[in-house]
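Right, one structure below, let's go through it.
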Amino acid sequence: MKAVEYAEKAGEIFVLSDSFIRIKELIDDEASTIDDIAEVILLDPALSGTLLKLANSSFFNYPGKIDTVSKAVLVLGITEVYNLVIAYFTTEAFKPINAEEDFLESFWQRSVDCALLIKFLGTTMNIANAERLFILGLLHDLGELVVQQFDPDKVIACHSDDPAVLPWQKQQEVLGFTYGDCTAELLKLWQLPYSLIKPIREQDDNDFDQSSSETQLLYLAKRVMIRNSFYPEHPYSIVFSDDMIELDDQILDAAVEYCDLERLGILSVLKPSSVMIY
C-alpha cells in the first residue's frame, strides 16, 4: 500500500473527537472569543486538566499560576492552546491501537524527546514563540503507529541496527515511503493546519535552500533524537549527511540535557502509562 492508503485506513480507526472538531471550528472563526473557546474546552474535564498541567509546567516557565482555561488561552495565546489541544486529542485518538505496551512506551518517549529537542533548538536559534514547535516533534512520526496497526511485521523490518542505514532510509526500502510521508497524509485527512503538514512531509529533505525554518529544525531535532535513542556512543555526525550545516556539539549536548530533564514531566501529562522509571 501507499502512504495515503495507510492513512485512509487509519482514519477509520484513529478519529479526532467531536470536541476537537468544535474547538477547531471556533479557532477558525474570527468572531469567536477566548471565552467561547474556553467554554468548549471546559466541557471535557480530562482535556481541561491536561491543558492546565502543561500550561503550569516548566515547559512554559510562566512566572504566575494559570488556574483557569480562560487564563491559559489569554496567557499562552490561541495558537499555542490549539497546539496543546491537538497534542491531547492525538494521543487520545491512538488509544485503540493494537500494539504492545513496550512498543508504545518507546514510541511516545521518542516523540516527546523530538518535541523537547525542537523546542530547545528553536529557542537557542531565537525562533519566535519556539514553544509552538513542540507539536511538530510530537506528531512527526505518527506514521509508525499507522503501519504498526496494519502491518506490524513491516515495522520490525524497518528497524535497523546499522547506523549507516538510518530509519527513514530503511522505511523507504521496506515500505516505499517514510513514516513522515504517512504522518503527513493522516494529518491532511484530519484537516490539521498546513503549517504542521508541510514540515512533517519534508522532514527528511536536506535541501535547506528550499525549506522553512520549521522544516530545518525538525530535521535537526529528529536526527539528534535518533542518535540519542539508538547510537549515544557515536558522535552527532552519525545522523547527518556530509553536506549538513556545521553544528555546535555544545548546543546539541545542552539540548539533550534539557530533554533528559523535561521528558518525564511531559510524558506524565500526555501519556501517563508511558512514564518509564530509570
Applying side-chain contact (heavy atoms from CB on, under 4.5 Å) to Gln203 and Trp168, what does each step give before you reach the verdict? CA-CA 10 Å; Gln203 63 183 281; Trp168 47 95; over 6 Å; no
Got a second to check how far [X]'s [atom1] is from [Y]'s [atom2], nearest 0.5 Å?
{"X": "Ile34", "Y": "Ile78", "atom1": "CD1", "atom2": "CD1", "value": "5.5 Å"}
{"X": "Phe94", "Y": "Leu186", "atom1": "CZ", "atom2": "CG", "value": "5.0 Å"}
{"X": "Ile266", "Y": "Leu54", "atom1": "CD1", "atom2": "CG", "value": "5.5 Å"}
{"X": "Leu26", "Y": "Tyr82", "atom1": "CG", "atom2": "OH", "value": "11.0 Å"}
{"X": "Leu175", "Y": "Asp151", "atom1": "CG", "atom2": "CG", "value": "8.0 Å"}
{"X": "Glu131", "Y": "Asn83", "atom1": "CD", "atom2": "CG", "value": "10.5 Å"}

Side chain to side chain, [X] and [Y], heavy atoms closer than 4.5 Å:
{"X": "Lys71", "Y": "Tyr62", "result": "yes"}
{"X": "Leu139", "Y": "Ile86", "result": "yes"}
{"X": "Thr123", "Y": "Ile127", "result": "no"}
{"X": "Leu76", "Y": "Leu84", "result": "yes"}
{"X": "Ile27", "Y": "Ile23", "result": "yes"}
{"X": "Tyr219", "Y": "Val224", "result": "no"}
{"X": "Glu8", "Y": "Val4", "result": "yes"}
{"X": "Ser212", "Y": "Thr215", "result": "yes"}

Derivation and outcome, side-chain contact (heavy atoms from CB on, under 4.5 Å), residues Phe89 and Lys24: CA-CA 12 Å; Phe89 281 115; Lys24 181 179 184 298; over 6 Å; no
May I ask you to decide if the ring planes of Phe103 and Phe107 are parallel, tilted or perpendicular, using 30° and 60° as cut-offs?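 Aromatic pair Phe103/Phe107 classed parallel.
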Under 4.0 Å between a side-chain nitrogen and a carboxylate oxygen: does that hold for [X] and [Y]?
{"X": "Glu5", "Y": "Lys2", "answer": "no"}
{"X": "Arg110", "Y": "Glu144", "answer": "yes"}
{"X": "Glu262", "Y": "Lys119", "answer": "no"}
{"X": "Asp204", "Y": "Arg223", "answer": "yes"}
{"X": "Lys222", "Y": "Asp141", "answer": "no"}

If you draw a 6.0 Å radius around [atom1] in [X], do more than 12 non-hydrogen atoms from other residues or ligands fall strictly inside?
{"X": "Asp18", "atom1": "CG", "value": "no"}
{"X": "Glu257", "atom1": "CD", "value": "no"}
{"X": "Glu39", "atom1": "CD", "value": "no"}
{"X": "Lys198", "atom1": "NZ", "value": "yes"}
{"X": "Gln250", "atom1": "CD", "value": "no"}
{"X": "Lys53", "atom1": "NZ", "value": "no"}

Any side-chain to backbone donor/acceptor pair from [X] onto [Y]? Under 3.5 Å, distance only.
{"X": "Thr183", "Y": "Gly143", "value": "yes"}
{"X": "Glu185", "Y": "Cys182", "value": "no"}
{"X": "Gln171", "Y": "Tyr179", "value": "yes"}
{"X": "Thr178", "Y": "Asp181", "value": "yes"}
{"X": "Glu214", "Y": "Ser195", "value": "no"}
{"X": "Asn56", "Y": "Ile66", "value": "yes"}
{"X": "Arg227", "Y": "Pro232", "value": "yes"}
{"X": "Ser268", "Y": "Gly265", "value": "yes"}

Quick check on the hydrophobic clustering: are [X] and [Y] connected, directly or via other members, by side-chain heavy-atom contacts under 4.5 Å?
{"X": "Tyr88", "Y": "Leu42", "value": "yes"}
{"X": "Ile41", "Y": "Val75", "value": "yes"}
{"X": "Met125", "Y": "Ile251", "value": "yes"}
{"X": "Met1", "Y": "Val155", "value": "yes"}
{"X": "Ile13", "Y": "Ile97", "value": "yes"}

Using every non-hydrogen atom in the two residues, find where [X] and [Y] come nearest and quote the distance to one decimal.
{"X": "Val112", "Y": "Arg263", "result": "CG1-O, 4.2 Å"}
{"X": "Leu218", "Y": "Cys114", "result": "CD1-SG, 4.0 Å"}
{"X": "Trp108", "Y": "Leu145", "result": "CZ2-CD1, 3.9 Å"}
{"X": "Leu43", "Y": "Pro45", "result": "O-CD, 3.4 Å"}
{"X": "Ala72", "Y": "Ala55", "result": "CB-CB, 4.5 Å"}
{"X": "Ser70", "Y": "Ala38", "result": "OG-CB, 3.4 Å"}

Under the side-chain contact (heavy atoms from CB on, under 4.5 Å) rule, what do Val256 and Asp113 come out as? Steps first, then yes or no, please. CA-CA 9 Å; Val256 170; Asp113 280 7; over 6 Å; no
Step by step, work out the side-chain contact (heavy atoms from CB on, under 4.5 Å) result for Phe230 and Ser160. CA-CA 10 Å; Phe230 300 113; Ser160 173; over 6 Å; no
Cation-pi check, Arg22 onto Phe20 ring (under 6.0 Å, within 45° of axis):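 Judged by the rule, Arg22 and Phe20 form no cation-pi pair.
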Summary of ring-ring contact (aromatic ring centres under 6.0 Å, His included) pairs that have at least one residue in residues 120-154, sequence neighbours excluded: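 Checked against ring-ring contact (aromatic ring centres under 6.0 Å, His included) - neighbours excluded - the pairs reaching residues 120-154 are Phe59-Phe134, Phe120-Tyr258.
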Between the side chains of Asp36 and Thr33, is a donor N or O closer than 3.5 angstrom to an acceptor N or O?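 A donor-acceptor contact under 3.5 Å links the two side chains.
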